[in-house]
A.B. asks: 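Just passing along the structure, written as structure tokens.
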Amino acid sequence: MSDESNQPRSILIGVAWPYANGPRHIGHAAGANVPADVFARYQRLAGRNVLMVSGSDMHGTPITFVADQRGTTPRAVAEENHAIIADAFRRLGCSFDLYTTTLTENHYRVTQDMFLRLLERDFLFEQTAIAAFDPEAERFLPDRYIEGVCPHCGYRAARGDQCDNCGRTLDPFDLIEPRSRLSGATPIPRETTHYFLDLPKFSEPLTAWVESKKSVWRPNVGAFVLNWLREGLKPRAITRDLDWGVPVPVEGYEGKRIYVWFDAVIGYLSASIEWAERQGDPDAWKAWWDAEQDVDTIRSYYFIGKDNIPFHALIWPAMLLGYGGLELPFDVPANEFLTVGGQKISSSRSHTTDQLPWLHEALDLFDADALRYFLTINAPENRDTDFSWDEFLRRNNDELVATYGNAVHRVLRFIGARLDGIVPQPGELRDEDRDMLAQVDASFERAGDRLEKVRLRDGLTEAMALAHRLNRYLDVSEPWKRIKDDPERAHTSLWVSVQVIAALRTLTAPFLPFSAAKVHMYLGETSAFEALEWRPVEIPAGRTLGETAPLFRKLDDEELAALLDRLNPETMSAGEPEK
RNA sequence: GCCGACGUAGCUCAGCGGCAGAGCAAGGGACUCAUAAGCCCUUGGCCGGUGGUUCGAUUCCACCCGUCGGCACCA
């Protein structure tokens with residue numbers, strides 16, 4: 001461990017803001033929420049001052065379209081989905097200090113303040129361009145809401161931004177026979193004026209900054225960002241012809257709104273401010289944001305999917321640079337995608353064919369820790385990883401239940417049955433006992449090192465390795481035999497085993513908080529689970545253990561099939577003819 | 001088309017200049033405290049292909065093939 005005084009004290013953890021046009025699927029949790037929460041919980045255990053914020057992104061065109069389809073208001077759509085998403089995150093165990101929305105007065109104020117400051121400092125400019133207007137719906141249309149025939153390949157359902165068939169990037173007016181996906185009308189070109197963020201002005205400072213981050217960031221993130229910088233940054237429109245969003249605080253822009261990607265990233269700042277106000281200490285947010293502070297006392301981490309890299313590693317830093325005085329990201333540990341059958345999970349497509357549940361549905365069926373385990377041990381940290389029910393079932397049964405859950409259970413049950421649940425007095429320690437205990441210290445060190453570097457799946461692997469070592473230690477020590485012919489040996493190995501379980505409780509706490517809290521109880525701990533620290537703690541001999549039960553549920557194929565059937569009765573029902 | 005990432009054991013994934021790794025699957029063994037769980041051993045790989053750099057390449061470079069992603073108005 002390095003000198004404590006050099007350790008950053010304030011850790012800001014920003015978690016990607018889910019878009020409230022629908023529920024989120026488990027891929028979102030895999031890419032952002034689970035890793036962020038694991039990291040946050042570890043940092044708290046390590047004694048850091050953690051602020052973890054996020055919220056639902058409530059504005060934007062897609063939400064207004066959903067509202068139109070359902071004959072309701074954008075606000076109603078966004079609030080309904082926000083409720084589902086927020087509840088799912090809560091059940092997943094996400095320990096946000098604040099999970100809010102972009103619909104708050106505070107967020108509007110902070111967003112407009114950012115806008116005006118950038119405008120005042122000449123980082124925004126106005127530009128008039130031709131955009132596609134739907135004369136029937138009386139709306140400007142985003143490119144992807146226009147359909148037509150691809151001029152390159154003749155594909156009939158090409159979108160205005162891209163052809164799904166040949167993959168080429170398109171301009172909506174390239175399309176042959178363009179039509180609005182809203183009304184079917186032929187879109188007409190119409191002039192409209194918008195504000196643009198002058199990204200090219202930030203090219204130099206951003207390049208220098210990104211170069212300085214290369215050793216910390218994951219290679220895929222650095223490579224992606226440098227590629228953008230090499231190709232040259234382009235100005236980016238930050239307002240839209242829309243009535244659902246943060247108003248543009250400039251005269252003549254009454255019919256326009258600030259665009260979602262611009263205001264959503266500001267959410268990290270506005271949520272921090274909202275948190276501080278709720279604490280009754282309105283300036284408290286500055287501990288995580290004031291760049292004037294001693295350089296190494298603040299670190300901000302942004303947990304996102306790879307699709308969000310430009311916003312968090314370029315645009316948001318540019319905005320922060322333009323605003324001035326605010327802390328830039330320390331790391332942007334972007335994850336690749338969770339795929340199903342090797343295919344990207346489409347957020348627009350439902351789970352009817354691929355059997356992938358929404359997050360809230362998955363939590364109806366499975367324990368949060370089982371999901372967190374799978375999503376961490378198979379996390380897409382370096383490349384896309386594949387989700388399948390077979391793998392989920394196997395890892396749950398053969399790893400989580402069999403290795404870790406069983407290690408805990410066999411020891412605690414044995415002490416309960418043979419020793420009245422009282423932690424025995426150890427005799428003299430032998431080499432094998434000392435080795436086992438040395439493994440505990442090594443595990444804290446190694447897992448801590450991995451977690452510090454945001455290598456979360458490696459961190460979890462270290463914790464699981466200790467569970468495996470405990471199983472081996474037990475097989476060698478055989479307390480179930482020694483209890484008959486050498487009780488002191490049995491007592492010693494059981495005492496050692498309890499110490500290892502206490503360590504496993506802490507080591508797994510960031511990853512599997514629900515089961516860790518159970519182990520905490522089983523161990524008869526009276527201190528608060530939340531007060532744990534990232535280090536071994538001795539469970540004294542003579543302690544009476546709490547009631548014990550198996551930590552995890554084993555799944556079998558039939559049960560899994562039945563659960564999925566419940567999820568998706570219409571596509572799973574037997575005898576239903578194909579298509 | 002341009003840019004990028006990836007391609008490692010049957011499967012899911014690590015490793016990334018110095019004798020190819022883990023888990024699962026497959027085969028064998030000793031045990032029985034435990035959710036028939038756990039432990040030990042074995043089998044299994046031209047590290048996508050071809051060239052190059054190097055004393056040495058799975059690792060670095062180039063090209064090719066394959067998969068996926070991005071290409072700035074989806075967030």
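Keep in mind that what you see is a predicted model, and the values were worked out from it rather than measured. First the proteins, then the strands, lettered A, B, ... as listed; each starts at 1. Side chains included, hydrogens not; waters and symmetry mates left out as well; all remaining heavy atoms used.
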A.B. asks: Specify the residue among A:Tyr19 and A:Asn397 whose closest nucleotide of RNA chain B lies further upstream toward the 5′ end.
C.D. replies: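 In this pair, the answer is A:Asn397.
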A.B. asks: Which atom pairs link the protein and nucleotides 3-6 of chain B when you take only N or O atoms and keep those under 3.5 Å?
C.D. replies:
residue	atom	partner	partner atom	Å
B:rC3	O2'	A:Asn227	OD1	2.7
B:rC3	O2'	A:Asn227	ND2	2.3

A.B. asks: Nearest whole angstrom, please: distance from the P of B:rC33 to the CH2 of A:Trp495.
C.D. replies: 25 Å
A.B. asks: Classify the nucleic acid contact of A:Leu551 as base, sugar-phosphate or nothing, counting any heavy atom under 4.0 Å across all strands shown.
C.D. replies: base
A.B. asks: Contact between A:Tyr19 and A:His59 at the side-chain level, heavy atoms closer than 4.5 Å - yes or no?
C.D. replies: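 Contact flag for A:Tyr19/A:His59 side chains = no.
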A.B. asks: Quick one: is A:Arg472 getting a side-chain N or O under 4.0 Å of the B:rG38 phosphate, OP1 or OP2?
C.D. replies: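 For B:rG38, OP1/OP2 do not have a side-chain N/O of A:Arg472 under 4.0 Å.
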A.B. asks: Between B:rG52 and B:rC2, how far is it from one C1' atom to the other, in whole Å?
C.D. replies: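 The same atom, C1', in both gives a distance of 26 Å.
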A.B. asks: Base, sugar-phosphate, or nothing: which does A:Val260 touch, judged by heavy atoms less than 4.0 Å apart?
C.D. replies: sugar-phosphate
A.B. asks: Counting any heavy atom closer than 4.0 Å, what does A:Pro550 reach on the DNA or RNA strands: base, sugar-phosphate only, or nothing?
C.D. replies: base
A.B. asks: For the residue pair A:Glu399 and A:Tyr373, confirm or rule out a side-chain donor-acceptor distance under 3.5 Å.
C.D. replies: yes
A.B. asks: For A:Trp17, answer base if it contacts any base atom (sugar-phosphate contacts may also be present), sugar-phosphate if it contacts only those atoms, and nothing otherwise; contact means non-hydrogen atoms under 4.0 Å.
C.D. replies: nothing
A.B. asks: Got a minute to check which stems RNA chain B is part of, using Watson-Crick or G-U wobble pairs under 3.5 Å, three or more consecutive?
C.D. replies: B:1-7 with B:65-71, B:10-13 with B:21-24, B:26-29 with B:39-42, B:48-52 with B:60-64
A.B. asks: Measuring only the C1' atom in each nucleotide, how far is B:rC47 from B:rG17? A whole number of Å is fine.
C.D. replies: 15 Å
A.B. asks: Look at all strands and tell whether A:Gly232 reaches a base, only sugar-phosphate, or nothing, counting heavy atoms closer than 4.0 Å.
C.D. replies: base
A.B. asks: What N/O pairs connect the protein and nucleotides 27-29 of chain B at under 3.5 Å? Give each pair on its own line.
C.D. replies:
none

A.B. asks: Please work out if A:Leu233 contacts a base, only the sugar-phosphate, or nothing of the nucleic acid, heavy-atom cut-off 4.0 Å.
C.D. replies: base
A.B. asks: If only atom types and distance count, is the side chain of A:Lys306 paired as donor or acceptor with the main-chain N or O of A:Val221 below 3.5 Å?
C.D. replies: no
A.B. asks: So which protein N/O to nucleotides 10-12 of chain B N/O distances come out below 3.5 Å?
C.D. replies:
residue	atom	partner	partner atom	Å
B:rU12	O2'	A:Asn378	OD1	3.4
B:rU12	O2'	A:Glu391	OE1	3.4

A.B. asks: Taking only the side-chain nitrogens and oxygens of A:His468, find out if one of them lies under 4.0 Å from OP1 or OP2 of B:rG38.
C.D. replies: no
A.B. asks: At under 4.0 Å between heavy atoms, what does A:Phe140 touch on the DNA or RNA strands: base, sugar-phosphate, or nothing?
C.D. replies: nothing
A.B. asks: Kindly confirm or rule out a cation-pi arrangement of A:Arg236 over A:Trp261, judged by NZ or CZ under 6.0 Å from the six-membered ring centre and within 45° of its axis?
C.D. replies: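 Checked: cation-pi criterion met.
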A.B. asks: Which whole number of Å gives the distance between the P atom of B:rA25 and that of B:rG48?
C.D. replies: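 To the nearest whole Å, 26 Å.
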A.B. asks: Does any donor atom in the side chain of A:Arg218 or A:Asn335 lie under 3.5 Å from an acceptor atom in the other side chain?
C.D. replies: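 Yes - a donor-acceptor pair under 3.5 Å links their side chains.
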A.B. asks: Is A:Asn308 touching bases, backbone alone, or none of the nucleic acid, heavy atoms closer than 4.0 Å?
C.D. replies: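 Answer is nothing: A:Asn308 stays at 4.0 Å or more from every strand.
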A.B. asks: When rounded to the nearest Å, what value does the distance between C1' atoms of B:rG28 and B:rG44 take?
C.D. replies: 15 Å
A.B. asks: Write down the distance separating the C1' atoms in B:rU50 and B:rG7, rounded off to the nearest Å.
C.D. replies: 16 Å
A.B. asks: Classify A:Tyr145 by what it touches in the nucleic acid, base, sugar-phosphate, or nothing, heavy-atom distance under 4.0 Å.
C.D. replies: nothing
A.B. asks: Go through the structure and list residues passing side-chain hydrogen bond (donor to acceptor under 3.5 Å, both in side chains) with A:Glu462, not counting sequence neighbours.
C.D. replies: A:Arg446
A.B. asks: Just by distance, with hydrogens left out, do A:His107 and A:Asp263 show a side-chain donor and acceptor under 3.5 Å apart?
C.D. replies: yes
A.B. asks: Would you say A:Lys554 places a side-chain N or O within less than 4.0 Å of OP1 or OP2 belonging to B:rA37?
C.D. replies: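 Yes, A:Lys554 has a side-chain N/O under 4.0 Å of OP1/OP2 on B:rA37.
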A.B. asks: Scan residues 409-420 of chain A against RNA chain B and write down, sorted by residue number, each residue with any heavy atom closer than 4.0 Å; if none is found, say none.
C.D. replies: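 Heavy-atom contacts with RNA chain B come from A:His409, A:Arg410, A:Arg413, A:Phe414.
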A.B. asks: Would you indicate what A:Arg455 reaches in the nucleic acid, counting non-hydrogen atoms under 4.0 angstrom: base, sugar-phosphate, or nothing?
C.D. replies: sugar-phosphate
A.B. asks: When the C1' atoms of B:rA20 and B:rU35 are considered, how many whole Å apart are they?
C.D. replies: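 Their C1' atoms lie roughly 36 Å apart.
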A.B. asks: What interatomic distance, in whole Å, is found between P of B:rC63 and the corresponding atom of B:rA5?
C.D. replies: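 Going atom to atom, P in each nucleotide, I get 12 Å.
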A.B. asks: Between A:Arg410 and A:Asn471, do the side chains contain an N or O donor and an N or O acceptor separated by less than 3.5 Å?
C.D. replies: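 Note: A:Arg410 and A:Asn471 side chains meet the donor-acceptor criterion.
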A.B. asks: For B:rG23 and B:rC41, measure between their P atoms and round to the nearest Å.
C.D. replies: 10 Å
A.B. asks: Categorize A:Ala237 for me: base, sugar-phosphate, or nothing, with a 4.0 angstrom heavy-atom threshold over every strand shown.
C.D. replies: nothing
